[in-house]
Amino acid sequence: ERARGMSGTHERADGPKVERLYLDFDSFFASAEQHFNADLRGRPLGVVPLDSPHTSCIAVSREAKARGVASGSSVREARRVLPHMIFVIARHDAYVRLHKRILDVVGTILPVAKVRSIDEVVCHLSPGEAAQGKTLSDRIKCALREAFSPALTCSIGMAPTELLAKVGAEMNKPDGFALIEARGLPGSLSHLDLRDLPGISKGIGARLAASGVQDIDGLWRLAPKQARKIWGNVEGERFWNEFHGFHAERPE
């Protein structure tokens, strides 16, 4: 199917349907360590690449985030905020093995269409699956909880496109759920900053600002060709389509 902006047709009579589910694990490396070791659950934890006071956290647990330690903080910065914070060295092989087991469990509820990273997957939804809404999300979370532990949680977004579903998965972390429907756009996203959207880098944000686009509503009002001009290539038009609820498939 051609991108809507390129074909000149920007909407369907009945509007885009919910067709994508995006599953994003919460603080995956840190949650994985808490899953492996029950003594770490409920405690502020940082995962580091090596045992050194000069390194930085590649992940921090939700308990550390709640107390002001962000992912990417140095060990010294984290200890200034939380003197008793625990640090463990990353075990990538263990995370990969866990990832493969997770895919098997998710697959018992829904086929996994795409793996976007070690902690993010996309599922395509039939109309019947989409109609289940939060009930489907809860089924997936329940299956994961039973197969692993309560420490390993995920956030799920459901929406017409992958981009919008990913936004939904980020909206209510941790252990969240969001259903984004075409009829609620752009109002359901108006509270977000432009940089909260996947594909809006610092550079694109500056280009949007230079074009007078300061917020979600301004972004929504762009025409497809304007988006293409701001991005400087066809990716802008693809973003426009995904943002408005229409699939924009990229060549392999």
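No hydrogens, no waters, no symmetry mates; every other heavy atom, side chains included, goes into these values.
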| task | Output yes when Arg183 and Glu181 qualify as a salt bridge under the 4.0 Å nitrogen-oxygen rule, no when they do not. | result |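 Salt bridge present between Arg183 and Glu181.
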
| Is Glu162 salt-bridged to Arg116, going by a charged N under 4.0 Å from an acidic O? |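 So Glu162 pairs with Arg116 through a salt bridge.
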
Taking the side chain as every heavy atom from C-beta outward, state whether [X] and [Y] have any atom pair closer than 4.5 Å.
| X | Y | answer |
| --- | --- | --- |
| Phe29 | Val88 | no |
| Pro127 | Lys17 | no |
| Met171 | Ile180 | yes |

| request: Assign the ring pair Tyr95 / Phe28 to parallel, tilted or perpendicular, where the plane angle (0 to 90°) is split at 30° and 60°. | output: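 Plane angle over 60°, so perpendicular.
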
Is there a path of hydrophobic side-chain contacts, each under 4.5 Å between heavy atoms, that joins [X] and [Y]?
| X | Y | value |
| --- | --- | --- |
| Leu45 | Val75 | no |
| Val48 | Leu82 | yes |
| Ile89 | Ile118 | no |
| Phe243 | Val18 | no |
| Met158 | Ile109 | yes |

| Among Ile102, Val121, Leu23, Leu21, the one residue meeting side chain to side chain contact (heavy atoms under 4.5 Å, CB included) with Val112 |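 When side chain to side chain contact (heavy atoms under 4.5 Å, CB included) is applied between Val112 and each of Ile102, Val121, Leu23, Leu21, only Val121 qualifies.
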
State which residues pass salt bridge (charged side-chain N to carboxylate O under 4.0 Å, His left out) with [X]; sequence neighbours excluded, sorted by chain then number.
| X | value |
| --- | --- |
| Lys65 | none |
| Asp24 | Lys173 |
| Lys134 | Asp138 |

| said: Taking side-chain hydrogen bond (donor to acceptor under 3.5 Å, both in side chains) as the criterion, tell me which of Arg41, Arg62, Glu63 meets it with Gln34. | reply: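 Testing each of Arg41, Arg62, Glu63 against Gln34, the sole residue satisfying side-chain hydrogen bond (donor to acceptor under 3.5 Å, both in side chains) is Glu63.
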
Can you tell me if [X] and [Y] form a side-chain donor-acceptor pair at under 3.5 Å?
| X | Y | result |
| --- | --- | --- |
| Asp217 | Ser190 | yes |
| His247 | Glu19 | yes |
| Asp26 | Thr153 | yes |

| field | Minimum heavy-atom distance between Ala78 and Phe87, given as atom pair plus value | value |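 Minimum heavy-atom contact is CB-CZ, 3.8 Å.
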
| task | Check whether more than 12 heavy atoms from other residues, nucleotides or ligands sit under 6.0 Å from atom CG of Asp51, and answer yes or no. | result |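 No, CG of Asp51 has 12 or fewer neighbouring heavy atoms, counting only those of other groups under 6.0 Å.
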
| Sequence neighbours excluded, every pair satisfying ring pair (Phe, Tyr, Trp, His ring centres under 6.0 Å) that has a member inside residues 140-190 |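 Counting only pairs at least two positions apart or across chains, the ring pair (Phe, Tyr, Trp, His ring centres under 6.0 Å) contacts touching residues 140-190 are His35-Phe148.
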
| field | Nonpolar side-chain network containing Tyr22, other nodes, edges under 4.5 Å | value |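 Direct or chained contacts put Tyr22 with Val122.
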
| said: Using a 3.5 Å distance criterion without hydrogens, assess whether the side chain of Trp240 forms a donor-acceptor pair with backbone atoms of Arg228. | reply: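 The answer is no, because no donor-acceptor pair under 3.5 Å joins these two groups.
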
| task | Provide the full list of side-chain hydrogen bond (donor to acceptor under 3.5 Å, both in side chains) pairs with a residue in residues 191-213, sequence neighbours left out, each pair given once. | result |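 Residue pairs with at least one partner in residues 191-213: there are none.
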
